[in-house]
Amino acid sequence: MALTPHVYWAQRHEELYLRVELIDAQNIDVQVHGKVLKFRAQGHGAKGENEYEFSLTFFMPVKPEVETHKSTERQVNITLKKEQCGWWDRLTTMQERKPVFLSPDFDRWLDESDAETELREKERKNRLKASKAPKESFSSVKTGFLFIYNLVQFLGFSWIFVNMTVRLFIFGQDSLYDTFHTISGVMFFCQILASVEVLNAAFGVVKTGVVPVFIQVVGRNFILFIIFGSLDEMHHKPVVFFVFYLWSAIEIVRYPFYMLACFDTEWKTLTWLRYTIWIPLYPLGVLAEAVAVIQSIPIFDETKLFSIVLPKAIGKSIGFSYVLHVYLILMFLGLFTNFRHLYKQREKRYRTKKMKAN
């Protein structure tokens with residue numbers, strides 16, 4: 001005949017927990033119909049190796065489709081969902097005495113007040129989790145957007161840098177004179193796309209100052225579109241090569257650093273390059289841009305391009321070269337502003353890492 005195992009029980013407002021003391025249970029059969037649960041299994045129980053079974057008629061109905069059970073080496077754990085959420089005065093319909101094989105599971109036992117506290121805490125966590133869900137969703141979209149943006153820029157500037165390097169080795173000095181015609185298309189694309197960085201800083205997508213980003217993006221686009229793009233005479237100048245090469249040398253380090261940062265990942269060598277390589281390259285880049293502006297001044301004076309025509313009563317027109325002279329001053333002021341910003345970033349980065357190490 002089948003024997004009865006020891007069964008321990010506990011409850012919450014929504015669930016029932018049964019723990020059947022049966023070692024190495026096999027052929028477990030749990031059936032739930034309305035208020036009745038039937039259990040049968042083979043294993044080592046209180047009376048040795050045998051077949052054990054029991055039946056319980058619950059105080060209230062449970063949901064049979066939500067029943068789950070899990071067997072471990074020492075017991076079988078059964079979880080049931082109450083059909084109506086609430087606290088039961090007892091587990092079974094028997095009012096006078098409970099089945100002799102049934103006992104409270106004191107490891108999981110809570111009285112009604114403690115269970116209500118647990119339920120309120122669970123509801124609070126669910127609300128907190130629900131409120132965080134939109135933020136986490138936005139964070140995932142932001143991370144994906146930033147990673148793709150930095151990847152595209154990295155691929156663009158890598159193509160520019162590698163292409164210019166290979167052409168320099170193959171054609172030597174001759175490659176300096178046709179840089180604009182071979183590289184400008186990709187450079188136009190990358191620099192137009194870089195305008196997104198100003199918007200990212202302005203709307204808080206990334207935590208960085210708007211002014212330094214604005215100075216760099218506007219300054220580069222001024223050189224690219226106004227100085228190089230609008231003057232055919234500048235297309236064959238060697239200065240184009242040096243400007244493009246210095247820009248791309250900085251960016252092939254900066255963008256992969258940001259790509260890894262999207263996933264809170266760091267490569268120490270890349271980090272060091274990110275916060276160090278700008279020290280020689282950034283001033284050299286500004287110097288090359290200044291040379292380009294100086295070389296373009298006589299061309300603008302000769303062609304009268306972008307000159308402001310004044311009424312005859314006032315006098316001659318205002319040449320664009322006056323604007324360029326002012327721009328040269330602003331360029332070196334921008335160099336000072338951005339250099340200080342980058343230096344502070346570097347100092348903050350390595351001071352923080354040093355403090356963590358200590």
Side-chain angles (χ1 to χ4, degrees), residues 145-165 167 175-176 178-203 205-206 208-259 274 277-278 281-293 295-296 300 305-306 320 323-324 327-328 330-332 334-335 337-339 341-342:
F145 164 73
L146 290 175
F147 178 80
I148 292 173
Y149 168 78
N150 290 309
L151 175 62
V152 171
Q153 289 287 63
F154 170 65
L155 293 176
F157 281 106
S158 295
W159 182 90
I160 293 171
F161 185 82
V162 172
N163 190 298
M164 294 177 68
T165 303
R167 287 178 59 81
S175 67
L176 303 181
D178 63 349
T179 299
F180 187 85
H181 294 292
T182 57
I183 302 298
S184 61
V186 179
M187 184 61 79
F188 279 131
F189 170 80
C190 290
Q191 284 306 130
I192 291 173
L193 189 60
S195 303
V196 173
E197 296 182 30
V198 180
L199 299 177
N200 288 342
F203 291 104
V205 179
V206 294
T208 188
V210 179
V211 174
V213 176
F214 180 81
I215 290 174
Q216 177 172 307
V217 172
V218 171
R220 284 190 178 183
N221 284 340
F222 182 87
I223 298 296
L224 181 61
F225 289 94
I226 304 300
I227 304 301
F228 294 153
S230 63
L231 296 176
D232 292 339
E233 293 85 349
M234 293 295 296
H235 293 179
H236 301 288
K237 300 282 187 181
V239 70
V240 178
F241 175 89
F242 293 104
V243 171
F244 285 6
Y245 204 73
L246 289 167
W247 286 357
S248 59
I250 293 174
E251 304 303 19
I252 61 174
V253 172
R254 190 166 70 98
Y255 285 114
F257 171 80
Y258 290 148
M259 287 165 57
R274 161 69 181 90
I277 200 171
W278 62 267
L281 294 186
Y282 185 61
L284 287 174
V286 173
L287 181 62
E289 294 172 22
V291 171
V293 172
Q295 290 181 352
S296 70
F300 278 110
L305 185 64
F306 302 136
F320 189 66
V323 176
L324 295 180
Y327 180 77
L328 282 172
L330 295 176
M331 180 185 296
F332 286 99
L335 169 63
T337 301
N338 270 8
F339 200 94
H341 170 71
L342 292 170

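Keep in mind that the numbers below use all heavy atoms, side chains included, and drop hydrogens, waters and symmetry copies.
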Give a yes-or-no answer on whether the side chains of T165 and Y245 include a donor-acceptor pair shorter than 3.5 Å.
-> yes
Just do the side-chain contact (heavy atoms from CB on, under 4.5 Å) check on F228 and S296 with the steps written out, would you?
-> CA-CA 9 Å; F228 294 153; S296 70; over 6 Å; no
Is there side-chain contact between V162 and F157, with heavy atoms separated by less than 4.5 Å?
-> no
Give the intermediate values and the outcome of side-chain contact (heavy atoms from CB on, under 4.5 Å) for residues Y149 and V205.
-> CA-CA 12 Å; Y149 168 78; V205 179; over 6 Å; no
Contacts table for residues 183-190: side-chain donor-acceptor under 3.5 angstrom, sequence neighbours left out:
from	atom 1	to	atom 2	distance (Å)
S184	OG	F180	O	2.5

Got a second to check how far I277's CD1 is from F257's CZ, nearest 0.5 Å?
-> 13.5 Å
Evaluate the side-chain proximity of L335 to Y282: yes if any heavy-atom separation is below 4.5 Å, no if none is.
-> yes
Give, for atom CD1 of I252 and atom CZ of F154, the distance between the pair rounded to the nearest 0.5 Å.
-> 7.0 Å
Spatial distance of atom OG1 (T179) from atom CD1 (I160) [nearest 0.5 Å] | 11.0 Å
Which heavy atom in A288 sits nearest to a heavy atom in L246, and how many Å separate them?
-> CB-CD1, 4.2 Å
Between F145 and N200, is any pair of side-chain heavy atoms under 4.5 Å apart?
-> yes
Within 6.0 angstrom of F214 CZ, more than 12 heavy atoms from elsewhere | no
Donor + acceptor pair across side chains of Y258, Q153 (<3.5 Å) = no
Drop me the distance from L151's CG to M259's CE, to the nearest 0.5 angstrom.
-> 4.5 Å
Rounded distance [0.5 Å steps], CG in L342 versus CD1 in I250 = 9.0 Å
For the side chain of N163 and the backbone of W159, is there at least one donor-acceptor N/O pair under 3.5 Å apart?
-> no
Pair F300-I226, side-chain contact (heavy atoms from CB on, under 4.5 Å): steps then yes or no = CA-CA 11 Å; F300 278 110; I226 304 300; 4.3 Å; yes
Are the aromatic ring centres of F339 and W278 under 6.0 angstrom apart?
-> yes
Distance (rounded to the nearest 0.5 Å) between H236 NE2 and D232 CG = 8.0 Å
Determine the minimum heavy-atom distance between S230 and I227, stating which atoms define it.
-> OG-N, 4.4 Å
Yes or no on side-chain contact (heavy atoms from CB on, under 4.5 Å) for M331 and V286, after CA distance, side-chain angles and deciding distance?
-> CA-CA 8 Å; M331 180 185 296; V286 173; 3.7 Å; yes
Should the pair H235 and H181 be assigned to parallel (<30°), tilted (30 to 60°) or perpendicular (>60°) ring geometry?
-> perpendicular
Heavy-atom closest pair, residues N221 and S195 = ND2-OG, 3.9 Å
Taking the side chain as C-beta and beyond, is there a heavy-atom pair between T182 and M164 under 4.5 Å?
-> no
For residues F320 and V323, determine if any side-chain heavy atom of one lies less than 4.5 Å from a side-chain heavy atom of the other.
-> yes
Write down the atom of M234, the atom of V240, and the distance for their closest heavy-atom approach.
-> O-CG2, 3.3 Å
Output yes when R274 and E251 qualify as a salt bridge under the 4.0 Å nitrogen-oxygen rule, no when they do not.
-> no
Verify whether one side chain among E289 and W247 offers a donor that lies under 3.5 Å from an acceptor in the other.
-> yes
Would you name the heavy atoms of L281 and A249 that are closest together and state the gap between them?
-> CD1-CB, 3.9 Å
Do V218 and I215 come within less than 4.5 Å of each other through their side chains, counting heavy atoms only?
-> no
Determine the minimum heavy-atom distance between A292 and V239, stating which atoms define it.
-> N-CG2, 3.9 Å
